[in-house]
S.K.: 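Below you'll find the structure I mean.
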Amino acid sequence: MLASPATLRHLLLPAPPHLAFGTPNPAPPLHAWLPISRLAPPRVAHASSRRPRRRDARARAVAAAGEEAAAPAEEASSSGPTKFSVKIPVGDRHILVETGQIGRQASASVMVTDGETIVYCSVCMADTPSDPSDFFPMSVHYQERLSAAGRTSGGFFKREGRAKDHEVLVCRLIDRPLRPTMPKGFYYETQILSWVFSYDGIHSPDCVAVTAAGIAMALSEVPNKQTIAGVRIGMINDQFVVNPTTEQMEDSELDLMMAGTDSAILMIEGFCDFLTEEKLLQAVETGQEAIREICKAIDVLVKTCGKKKMVEAINLPPPELYRHVEDISGDELVKALQIKQKIPRRKTLSALEEKVITILSEQGYVSKDESSGPIENLADIVEEEDEDEIIEDGEVDEGDVHIKPVSRKPHRQLFSEVDVKLVFKEVSSKYLRRRIVEGGKRSDGRSPCELRPINSQCRLLPRAHGSALFTRGETQALAVVTLGDYQMAQRIDTLVDTEESKSFYLQYTFPPSSVGEVGRTGAPNRREIGHGMLAERALEPILPSEKDFPYTIRVESTITESNGSSSMASVCGGCLALQDAGVPIKFPVAGIAMGLVLDTQEFGGDGTPLILSDITGSEDASGDMDFKVAGNEHGISAFQMDIKVVGITLAVMEQALRQARDGRKHILNEMSKCSPPPAKALSPYAPVIHIMKVKPNKVSLIIGSGGRTIKSIIEETGVYGIDARDDGTVKITARDIESLEKSKTIIANLTMVPKVGEIFRNCEIKTIAPYGAFVEIAPGREGLCHISELSSSWLAKAEDAYKVGDRIDVKLIEINDKGQLRLSCKALLPDANQEPGSNKQQASGPTKEKIVYKDDIIKVTTRRSRRKKEGEPSAAENATSKTLENSTAENA
């Protein structure tokens with residue numbers, strides 16, 4: 001009803017004096033002096049299904065924050081930036097948190113210091129919201145600046161660029177615990193940037209970065225639900241250590257990264273040397289206590305300098321839309337979720353979703369309550385007959401009575417397509433959870449503890465060194481193992497000023513064809529890097545040391561079909577492929593993914609959390625947890641847990657671990673039935689590797705000037721490569737046994753230690769000088785046979801009796817202080833009257849009458865990432881012309 005002009009004038013006039021408050025004589029408002037004709041017409045609110053613009057909420061929040069920060073900002077402009085700092089106890093030390101001095105234009109920024117390791121983290125939001133989606137638009141970027149350790153890149157490009165695998169893993173550690181704390185309906189794009197500005201080599205920056213991101217998010221305007229923090233837990237001598245140093249981690253049996261709130265766990269990830277479930281739970285409990293103390297200190301800091309949260313920017317779909325979607329699709333949704341195969345079920349759900357979208361966003365929907373209204377009365381019918389009449393002003397008789405038309409058609413409601421999609425996904429998840437809780441059956445008909453059928457086979461690829469195909473339900477992984485030498489090792493560039501390499505690595509590939517879709521292919525994404533590292537950590541503890549198996553091992557896992565738990569299928573397939581390649585593993589391992597329905601009371605349950613074994617893709621998307629556990633029946637080697645709700649308790653985690661152990665036992669039993677079974681022997685196409693030991697001072701003889709000698713050995717024998725190290729370790733990688741033995745003989749002759757009195761047969765004269773001849777007693781080893789020792793009679797010059805290329809028998813008669821060899825041909829002559837040159841031999845290889853000293857195979861480094869110290873470069877890099885001159889002089 002519109003107000004009349006008289007009423008409007010009365011509303012706009014100032015209040016009477018006895019009702020006026022404030023000043024004794026308040027001035028009337030400006031609009032009271034204006035004529036009524038100049039006043040803007042009042043706004044009339046119309047009911048509409050359209051939602052308010054989110055930009056207004058953002059503007060209101062920014063304005064409110066500006067009013068609150070006005071006074072501190074003015075004070076800061078005159079006295080410098082306001083700085084807040086707090087020390088938080090973590091383990092046996094404190095971390096320093098500072099904010100307000102650096103990065104003041106960001107929504108929030110912090111500097112967190114642990115020892116002399118400093119991590120900077122900032123949080124920023126876009127000015128306008130993104131289009132609504134079921135995925136919170138948050139990105140995380142973590143970078144370890146080499147300048148933090150006083151270094152620059154050793155390559156051509158000196159500036160940091162593409163994120164390294166280690167940095168990608170830290171990005172995931174930051175992202176995964178923060179995402180569950182974000183409210184639904186908040187669509188402002190959020191970016192978290194984290195840089196390591198200082199690194200002392202003692203305190204790891206990754207766990208500090210997780211806590212720094214949690215603090216920055218808590219101080220910002222982002223309306224996250226709870227504060228999070230992260231810690232690392234190690235186990236040294238059966239004692240748990242919070243945020244251990246890098247030196248302590250060298251002796252730790254556990255590497256656990258976890259994050260959570262003051263009351264629950266959000267994320268855990270790590271690996272260990274087959275710890276029991278009980279030990280792992282104790283470690284998590286220790287970490288939870290440390291996280292609780294950190295979160296309490298963060299909350300105190302937030303009350304001091306935190307910004308107002310943008311709660312009013314949260315924009316949820318209309319509540320009635322949930323009821324409408326259930327009314328339209330409820331019965332069909334129940335039938336669709338009973339389809340066992342993934343692709344037919346997905347297509348059915350997609351078709352049903354399109355139907356719901358068409359009705360609610362294009363045709364309009366009439367609720368059941370409105371469609372079943374009372375029967376129309378006579379007045380409605382009469383009014384409908386005259387509905388088309390056009391009545392001009394002044395033509396209405398005074399006696400006519402007109403009734404306001406009421407349409408027989410009910411009001412049709414329209415909703416945005418994005419809202420319908422979001423609600424349909426939530427309703428589908430709700431129905432799936434209800435089916436599991438009420439009926440006790442999952443989409444494929446399994447019970448909560450039941451696993452999918454398992455099938456595995458080896459020796460699929462004849463030319464590969466090892467291969468296996470592991471199939472579990474609709475998830476399938478093809479694992480391939482390649483064996484190689486040291487040159488195949490994966491080099492790693494870290495903040496530490498040393499080169500690091502891995503002799504075992506697993507590469508995980510998830511092509512779009514594995515889920516029947518079309519998508520991008522190329523460089524690995526963050527998910528592929530994370531899943532590959534999880535499978536790699538699960539398999540690494542079962543590998544033999546390099547002493548027993550001196551190979552570099554590469555495992556490729558290609559997911560050819562996926563319906564959940566593909567990373568754990570990579571663990572199972574990789575284990576079988578290692579056995580097929582002949583790698584002597586300690587024992588088999590398997591992996592399983594566990595799911596969770598936390599609130600069962602909502603669907604008629606007793607409230608006890610329901611744990612699901614071997615979850616599928618839909619159960620992962622609709623469930624509350626994705627907990628991957630790998631190991632054997634006695635312990636755990638790797639684990640990763642992501643939570644979709646705001647945390648779980650230790651009791652739920654304990655139940656999941658016990659159920660996962662039973663699942664691993666079943667999988668290992670099925671893997672033992674692999675047909676055809678693993679070969680458990682080296683492939684004929686795999687390289688042959690032999691390790692031998694020589695005297696450290698003889699390594700230069702093997703290498704030669706600029707690597708000339710070692711290259712000639714490789715060319716002559718046909719081996720793949722020879723790695724000669726400064727400690728005397730020589731690793732030969734050959735294509736077959738024949739080439740290996742040939743190279744071993746050459747190296748043995750080069751590095752042999754001759755003894756006085758030894759006789760060498762059929763030796764070639766390499767050089768003739770005026771004072772004698774240089775004779776090669778072994779490849780690369782020469783000695784001087786003086787002209788007086790060439791014959792029992794006098795010779796004017798050596799050329800009178802011998803020429804280059806002749807072969808003679810010689811005896812070693814002296815080794816001087818410099819290691820130079822003195823040979824004699826005369827000492828082998830039967831009598832003094834024998835003619836010179838009669839000791840010549842037919843052309844063939846040199847031989848000796850006594851076995852030359854040669855060391856056996858020795859122990860080498862274990863399968864840890866080797867780091868070369870600054871003073872210990874490889875022997876090949878140290879080979880110079882000076883080395884050649886010295887070695888030649890020694891052999892003379």
Side-chain angles (χ1 to χ4, degrees), residues 103 106 109-112 117-124 135-179 189-199 201 203-214 216-217 230 232 246 255 257 259 267 269-271 489-502 505-511 519-537 557 567 640 642 865:
S109 63
V110 294
M111 295 275 285
V112 181
T117 296
I118 300 177
V119 176
Y120 170 79
C121 184
S122 65
V123 174
C124 287
F135 191 78
F136 177 62
M138 181 178 69
S139 60
V140 180
H141 177 77
Y142 169 85
Q143 188 177 69
E144 295 178 347
R145 300 284 180 88
L146 293 179
S147 59
R151 295 182 55 212
T152 57
S153 174
F156 179 78
F157 298 100
K158 300 300 180 183
R159 184 169 183 168
E160 287 82 357
R162 179 175 174 267
K164 305 179 182 67
D165 287 359
H166 170 70
E167 295 171 335
V168 170
L169 296 175
V170 178
C171 289
R172 287 171 54 85
L173 292 176
I174 296 173
D175 183 286
R176 285 158 43 202
L178 283 174
R179 198 167 290 277
E189 184 178 0
T190 304
Q191 185 180 52
I192 301 174
L193 301 179
S194 182
W195 291 291
V196 180
F197 281 161
S198 177
Y199 178 58
H203 305 94
S204 299
D206 48 4
C207 53
V208 178
V210 177
T211 299
M217 189 67 73
R232 167 180 271 115
T246 54
D255 188 353
M257 281 289 297
M267 180 274 296
E269 179 172 343
F271 55 100
Q490 176 68 56
R491 293 185 178 181
I492 305 173
D493 190 11
T494 62
L495 283 175
V496 182
D497 192 14
T498 55
E499 291 186 3
E500 188 176 345
S501 62
K502 295 195 303 184
Y505 50 95
L506 186 146
Q507 296 170 336
Y508 169 96
T509 305
F510 190 91
R520 180 190 68 87
T521 60
N525 55 37
R526 292 188 173 188
R527 179 181 177 276
E528 290 176 315
I529 293 174
H531 281 37
M533 181 55 65
L534 177 62
E536 177 183 315
R537 289 171 171 173
S557 178
S567 61
Q640 184 185 90
D642 293 323
S865 297

S.K.: Please answer whether the main-chain N or O of Thr117 pairs with a side-chain N or O of Ser198 as donor and acceptor at a distance below 3.5 Å.
M.R.: no
S.K.: Looking only at heavy atoms, which two atoms of Gly230 and Val210 are closest? And how far apart?
M.R.: CA-CG1, 3.8 Å
S.K.: Show your reasoning for whether salt bridge (charged side-chain N to carboxylate O under 4.0 Å, His left out) applies to Asp206 and Arg232.
M.R.: CA-CA 9 Å; Asp206 48 4; Arg232 167 180 271 115; 2.8 Å; yes
S.K.: Could you give the distance from CD (Glu528) to CG (Asp165), rounded to the nearest 0.5 Å?
M.R.: 11.0 Å
S.K.: Is any side-chain heavy atom of Leu178 less than 4.5 Å from a side-chain heavy atom of Met217?
M.R.: yes
S.K.: Got a second to check how far Thr190's OG1 is from Met138's CE, nearest 0.5 Å?
M.R.: 7.5 Å
S.K.: Would a distance-only check, ignoring hydrogens and angles, find a side-chain to backbone donor-acceptor pair under 3.5 Å from Arg537 to Gly532?
M.R.: no
S.K.: Answer yes or no: is there a side-chain heavy-atom contact under 4.5 Å between Ile192 and His141?
M.R.: no
S.K.: Is it the case that more than 12 heavy atoms not belonging to Arg520 sit under 6.0 Å from its CZ atom?
M.R.: yes
S.K.: When rounded to the nearest 0.5 angstrom, what distance separates CG in Asp175 from OG in Ser139?
M.R.: 9.0 Å
S.K.: Can you confirm whether Met533 sits close enough to Leu169 that some side-chain heavy atom of one is under 4.5 Å from a side-chain heavy atom of the other?
M.R.: yes
S.K.: With a 4.0 Å cut-off on N to O distance, would you call Arg172 and Glu269 a salt bridge?
M.R.: no
S.K.: Got a donor-acceptor contact below 3.5 angstrom from the Ser122 side chain to the Ser109 backbone?
M.R.: no
S.K.: Can you spot which of Leu495, Ile118, Leu146, Val119 makes a side-chain contact (heavy atoms from CB on, under 4.5 Å) with Tyr199?
M.R.: Leu495
S.K.: Just do the side-chain contact (heavy atoms from CB on, under 4.5 Å) check on Val170 and Ile174 with the steps written out, would you?
M.R.: CA-CA 6 Å; Val170 178; Ile174 296 173; 4.3 Å; yes
S.K.: Closer than 4.0 angstrom, basic N to acidic O: yes or no for Glu144 and Lys164?
M.R.: no
S.K.: Are Arg526 and Cys171 close enough that some pair of their side-chain heavy atoms sits under 4.5 Å apart?
M.R.: yes
S.K.: Check whether any side-chain heavy atom of Met257 sits under 4.5 Å from a side-chain heavy atom of Cys207, and report yes or no.
M.R.: yes
S.K.: Which word best sums up how the rings of His531 and Tyr508 line up, parallel for under 30°, tilted for 30 to 60°, or perpendicular for over 60°?
M.R.: tilted
S.K.: Quick one: closest heavy-atom pair of Ala163 and Val168, and the distance?
M.R.: CB-CG2, 4.0 Å
S.K.: Report yes if some heavy atom in the side chain of Tyr120 is under 4.5 Å from a heavy atom in the side chain of Val196; otherwise report no.
M.R.: no
S.K.: With no hydrogens and no angle check, is any side-chain donor or acceptor of Arg145 less than 3.5 Å from a backbone partner on Trp195?
M.R.: no
S.K.: I'd like to know if the side chain of Ser501 reaches the main chain of Ala489, judged simply by a donor and an acceptor atom lying under 3.5 Å from each other, with no hydrogens or angles considered.
M.R.: no
S.K.: Is it true that the NZ or CZ of Arg527 lies under 6.0 Å from the centre of Phe510's six-membered ring and within 45 degrees of the ring axis?
M.R.: yes
S.K.: Under a 4.5 Å cut-off applied to non-hydrogen side-chain atoms, are Val123 and Gln191 in contact?
M.R.: no
S.K.: Please examine the side chains of His166 and Ile492, heavy atoms only from C-beta on, and report whether any two atoms are closer than 4.5 Å.
M.R.: no
S.K.: Say whether, by atom type as modelled, one donor and one acceptor occur between the side chain of Glu536 and the main chain of Leu506 under 3.5 angstrom.
M.R.: yes
